[in-house]
Asks: 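Before anything else, here's the structure in question.
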Amino acid sequence: MGLVKKIAKQKGYITIILGIGILVPMYYFLRFYFTNQAPAENEDIEGGFWDTFMFTIIMATVLYSASSIISNYLEKTMPWRENGSRRFFVQIIATVFITIVLSSTVTYFYFTYMMDCAHEKIGQFIFDVNIISLIITIIITALSEAVFLFKQWKLALLNAEKLKQENLQSQFAALKNQVNPHFLFNSLNTLATIIPENSDQAVEFVEKLSSVYRYLLQYKDDETVDLKTELDCIDAYFFLQKIRFGDNLHVHINVPPNYYNKQIPPLSLQILVENAIKHNIISALKPLFIDIYIDDAGMLVTKNKLQKKKSVESSTKIGLQNLINRFHYIFNKSIDIFETADDFIVKLPLGDG
């Protein structure tokens with residue numbers, strides 16, 4: 001498939017070069033037949049046509065290649081998505097400058113050494129060729145960038161729709177995990193156990209359970225939320241799990257306050273924590289330790305002890321992959337996932353607040 005695209009691109013490149021090579025000398029040819037101008041007595045019209053054709057092919061190849069190099073370089077260093085107006089002015093200035101330099105150089109050497117023209121005519125040739133080259137180069141560059149931006153716009157629409165579908169899947173999976181009978185049974189069973197023993201704790205348990213639901217309903221449609229908001233939800237979720245597992249579950253969150261305004265897709269931490277609890281043994285002999293902290297690179301790290309169950313509950317298997325896709329689309333950054341002999345580690349990039 002990549003080879004087919006490459007061949008198609010080369011065909012388009014050759015078509016543009018040949019098109020320019022024919023159109024420019026056609027003006028030279030037609031001026032003798034559709035205007036009142038007459039050729040000089042010793043002027044070879046056919047020879048002039050082919051000389052102009054060859055010169056135009058050389059010039060078009062050089063300028064088209066240079067324009068493509070400029071465009072590709074700027075897309076890497078100054079992409080349209082992040083530098084719209086700045087990219088426009090830089091590309092125009094760079095294209096005009098390179099076109100004048102290359103056009104003047106090619107014209108001088110071609111007419112001096114290949115056509116053996118009189119030196120006094122070279123300056124006029126350079127001026128005329130520069131004007132034509134600038135017009136054609138700017139038009140082609142504008143059309144090329146317009147096509148590129150149109151494709152990027154279509155791609156953005158497709159990615160947005162894909163993200164929407166993945167968010168719906170993720171939200172549905174998270175909601176199902178929260179309201180399925182197994183979760184409700186564990187929550188209500190825990191609540192029934194602590195009501196006779198500690199009514200104050202039972203009230204707090206209901207409040208935390210309510211805050212988890214409230215977060216899910218309030219932010220499920222948002223692209224990102226403040227990290228502090230996400231941490232508050234996870235804190236409530238951990239409280240519920242801590243009541244259930246007791247000292248068999250240990251959670252440590254260490255996030256400096258200056259990171260609270262950073263952005264993160266909603267339910268990101270919940271997906272990771274649910275996976276840790278779901279896929280690992282939690283017992284008195286093997287308590288589960290989960291750490292959430294900021295590393296030296298400014299990434300949000302979730303690390304849990306690796307003590308895999310031999311068999312786990314049925315899983316949708318879409319949570320982690322959806323998380324990877326959402327981070328890539330929203331922040332254009334990747335999630336780092338590591339598994340050592342002792343730990344399972346996920347590092348999440350954060351957006352600016």
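The structure presented is a predicted model; accordingly, all values stated were derived computationally and were not measured.
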Asks: Strictly distance-based, threshold 3.5 Å: is any side-chain N or O of S211 a donor or acceptor partner for the main-chain N or O of K208?
Replies: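 Yes; at least one donor-acceptor contact below 3.5 Å.
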Asks: To the nearest 0.5 angstrom, please state how far the CD1 atom of I335 sits from the CG atom of L272.
Replies: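 Taking CD1 in I335 and CG in L272, the distance rounds to 7.0 Å.
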Asks: Is there a donor-acceptor pair under 3.5 Å between the side chain of E230 and the backbone N or O of L267?
Replies: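 The answer is yes, because a donor-acceptor pair under 3.5 Å joins these two groups.
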Asks: Are the side chains of Y260 and D226 in contact, using a 4.5 Å heavy-atom criterion?
Replies: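 A side-chain contact is absent here, since even the closest heavy-atom pair is not under 4.5 Å.
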Asks: If you look at every heavy atom in I281 and K309, which pair is closest and at what distance?
Replies: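 So the two residues come closest at N-CG, 3.8 Å.
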Asks: Got a second to check how far Q263's CD is from F331's CZ, nearest 0.5 Å?
Replies: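 Answer rounded to 0.5 Å: 6.5 Å.
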Asks: Would you say D247 has more than 12 foreign heavy atoms packed within less than 6.0 Å of its CG?
Replies: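 Result for CG/D247: open.
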Asks: What distance separates L350 CG from T224 OG1, expressed to the nearest 0.5 Å?
Replies: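 One finds 11.0 Å between CG of L350 and OG1 of T224.
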Asks: So do V251 and I234 actually touch side chain to side chain, heavy atoms under 4.5 Å?
Replies: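 I234 vs V251: side chains apart.
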Asks: Going by distance alone, is a donor N or O of one side chain under 3.5 Å from an acceptor N or O of the other, for Q91 and R87?
Replies: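 Looking only at side-chain atoms, R87 and Q91 do form a donor-acceptor pair, the distance falling under 3.5 Å.
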Asks: I need the I98 CD1 to I100 CD1 distance, nearest 0.5 Å.
Replies: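 Between I98 CD1 and I100 CD1, I get 10.0 Å after rounding to 0.5 Å.
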Asks: Mark yes when over 12 heavy atoms from residues, nucleotides or ligands other than Y293 sit less than 6.0 Å from its OH; otherwise mark no.
Replies: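 Yes.
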Asks: Going by the angle between their ring planes, with limits at 30° and 60°, are F289 and H250 parallel, tilted or perpendicular?
Replies: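 Ring orientation, 0 to 90° scale: parallel.
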